[in-house]
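For reference, the structure is listed below as structure tokens.
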Amino acid sequence: MTLLRDEHLAAAFDHAARSYDTLVAANPGYHAHLRRSARRLGLPRGGEGLRVLDLGCGTGASTAALAEVLPSADITAVDASAGMLERAAGKTWPPNVTFTHAPAERLAEAGVSGPFDAVFAAYLFRNVTDPDAVLRTVRDLLAPGGRLAVHEYTLGGRRTDRAVWTLVCRGVVQPAATLLGDGDLYRHLWRSVVEFDTADRFADRLRENGFDSVRRLPLPGWQTGITHTFTGRRPATTETAR
Ligand SMILES: C[S@@+](CC[C@H](N)C(=O)[O-])C[C@H]1O[C@@H](n2cnc3c(N)ncnc32)[C@H](O)[C@@H]1O
């Protein structure tokens, strides 16, 4: 199968929305790792007075991680799938958390505008058609010095990283997802990771798209060498044209 993109991917997530939380609850470390990546933004404790964007918020797992780490920040959570977003918005949230239905490629049309002090994107970038364009959009939405944390399946490059990923997908995730009627989405999941950047390549992609202080950080558990946090900053000063 080829990768699912744009409206086909949104439709697959719409369908998977009802079982998404159950599947990720069975993934050891899923929520704790999101909180760890949110902390890696390195923002002042509590987040008072900060605006934070959760891009590709899904059913709100990444939003919950942000809200726990930065309880006083204003959090705007955005997703392209109406079904995933409906699940997220149906949960109980403090008033400083809001949800918007929009693809990352058309944020301005949906009224999502910067500057943000930070952007968090968990499991989004290997799903977008043009990650460079979305990274540039994110960079432009950030205030100078604003932070980005990307939490993503990105293989470390060792043969065992790919082998473990394939074992987890073929042995556990795909059989469960097929029973739930979401086989296509979770076959996409496997392929989207093996065809996406390695962790080193993605860190370079951040630099190429104008982020500085880029770091690639590991996560523990079976996700070692498979899931990473990437942090970067919009440079604090913009170079003036000569
Ligand atoms: C694997 S889920 C992750 C959800 C959430 N961030 C989490 O950590 O659980 C990926 C989400 O990205 C959304 N997504 C995929 N492509 C997108 C795009 N181009 N713009 C906005 N959201 C997108 C999907 O609809 C889906 O809800």
Side-chain angles (χ1 to χ4, degrees), residues 3-27 29-38 40-41 52-69 75-91 93 97 99-110 112 118-138 141 148-154 165 168-169 173 177 182 184-193 196 219 223 226-230:
L3 291 172
L4 298 169
R5 290 295 185 216
D6 304 312
E7 66 274 16
H8 301 289
L9 182 65
F13 272 111
D14 286 348
H15 190 268
R18 74 203 187 295
S19 55
Y20 191 83
D21 288 347
T22 309
L23 274 181
V24 302
N27 178 351
Y30 191 87
H31 295 285
H33 290 177
L34 286 171
R35 288 192 292 274
R36 189 183 289 220
S37 289
R40 285 170 168 174
L41 281 166
V52 180
L53 176 65
D54 180 16
L55 202 51
C57 66
T59 60
S62 44
T63 321
L66 282 173
E68 193 167 324
V69 172
I75 299 172
T76 303
V78 173
D79 202 278
S81 155
M84 294 290 273
L85 201 70
E86 196 184 323
R87 291 269 160 181
K91 296 174 182 171
W93 299 98
V97 177
F99 293 92
T100 300
H101 181 210
E105 296 80 356
R106 295 206 298 275
L107 294 174
E109 283 169 46
V112 177
V119 176
F120 190 43
Y123 305 113
L124 170 76
F125 272 98
R126 76 200 138 70
N127 286 313
V128 304
T129 306
D130 185 348
D132 292 318
V134 175
L135 279 171
R136 287 193 296 272
T137 299
V138 165
L141 281 171
L148 169 68
V150 174
H151 176 106
E152 189 57 89
Y153 294 125
T154 41
W165 174 243
V168 169
C169 286
V173 181
D182 293 315
D184 278 355
L185 180 62
Y186 290 88
R187 280 188 289 278
H188 161 91
L189 169 67
W190 176 79
R191 184 170 294 279
S192 69
V193 174
F196 191 56
L219 288 157
Q223 295 88 342
I226 292 171
T227 314
H228 297 87
T229 319
F230 300 86

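Hydrogens, waters and symmetry mates play no part in the numbers below; they use all other heavy atoms, side chains included. Order of appearance sets the numbers: ligands from 1, and atoms from 1 within every ligand.
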What residue and heavy atom of the protein are closest to [atom], and at what distance?
atom: atom 19 (N) of ligand 1; result: Glu105 OE1, 3.0 Å
atom: atom 14 (N) of ligand 1; result: Leu124 CD1, 3.7 Å
atom: atom 10 (C) of ligand 1; result: Tyr123 O, 3.4 Å
atom: atom 4 (C) of ligand 1; result: Gly56 O, 3.4 Å
atom: atom 22 (N) of ligand 1; result: Ala80 N, 3.2 Å
atom: atom 3 (C) of ligand 1; result: Tyr20 OH, 3.4 Å
atom: atom 20 (N) of ligand 1; result: Ala104 N, 2.8 Å

Provide the number and element of each atom of ligand 1 under 4.0 Å from a heavy atom of [X].
X: Met84; answer: 27 (O)
X: Val128; answer: 19 (N)
X: Gly58; answer: 4 (C), 27 (O)
X: Ser81; answer: 25 (O)
X: Ala61; answer: 9 (O)

* **Leu189, Asp79, Leu4: member with heavy atom nearest to atom 25 (O) of ligand 1** => Asp79
* To do: Have a look at Tyr30, Tyr153, Phe125 and point out the one with the heavy atom closest to atom 9 (O) of ligand 1.
  => Tyr30
* Distance-only, no hydrogens or angles: does the Glu152 side chain make a donor-acceptor pair with backbone N or O of Phe125 under 3.5 Å? -> yes
* Identify which one of Leu41, Val97, Leu34 satisfies the side-chain contact (heavy atoms from CB on, under 4.5 Å) criterion when paired with Leu66. => Leu41
* More than 12 heavy atoms of other groups within 6.0 Å of Glu105 CD -> yes
* Crowded around Arg5 CZ? As in, over 12 foreign heavy atoms under 6.0 Å? -> yes
* Structure fact -> Heavy atoms of Gly60 and Trp93 approach each other most closely as O-CH2, 3.4 Å
* **ligand 1 to Ser62 polar contact by distance, N or O atoms, under 3.5 Å** => yes
* Ala122 N/O under 3.5 Å from ligand 1 N/O -> yes
* To do: Return the orientation label for the Tyr30 and Tyr20 ring planes: parallel under 30°, perpendicular over 60°, tilted otherwise.
  => perpendicular
* Once the angle between the rings of Phe120 and His151 is folded into 0 to 90°, is it parallel (under 30°), tilted (30 to 60°) or perpendicular (over 60°)? -> perpendicular
* Step by step, would you call Leu219 with Arg36 a side chain to side chain contact (heavy atoms under 4.5 Å, CB included)? -> CA-CA 9 Å; Leu219 288 157; Arg36 189 183 289 220; 3.7 Å; yes
* **Close approach of Ala10 to ligand 1, heavy atoms, under 4.0 angstrom** => no
* Thinking salt bridges, do Asp79 and Arg87 make one under a 4.0 Å N-O criterion? -> no
* May I ask you to identify, for Leu34, whether its side chain, its backbone, both or neither come under 4.0 Å of ligand 1 on a heavy-atom basis? => side chain
* Asked: Is the closest side-chain donor-acceptor distance between Asn127 and His188 under 3.5 Å?
  -> yes
* So do the side chains of Leu148 and Leu135 get within less than 4.5 Å of each other, counting heavy atoms only? -> yes
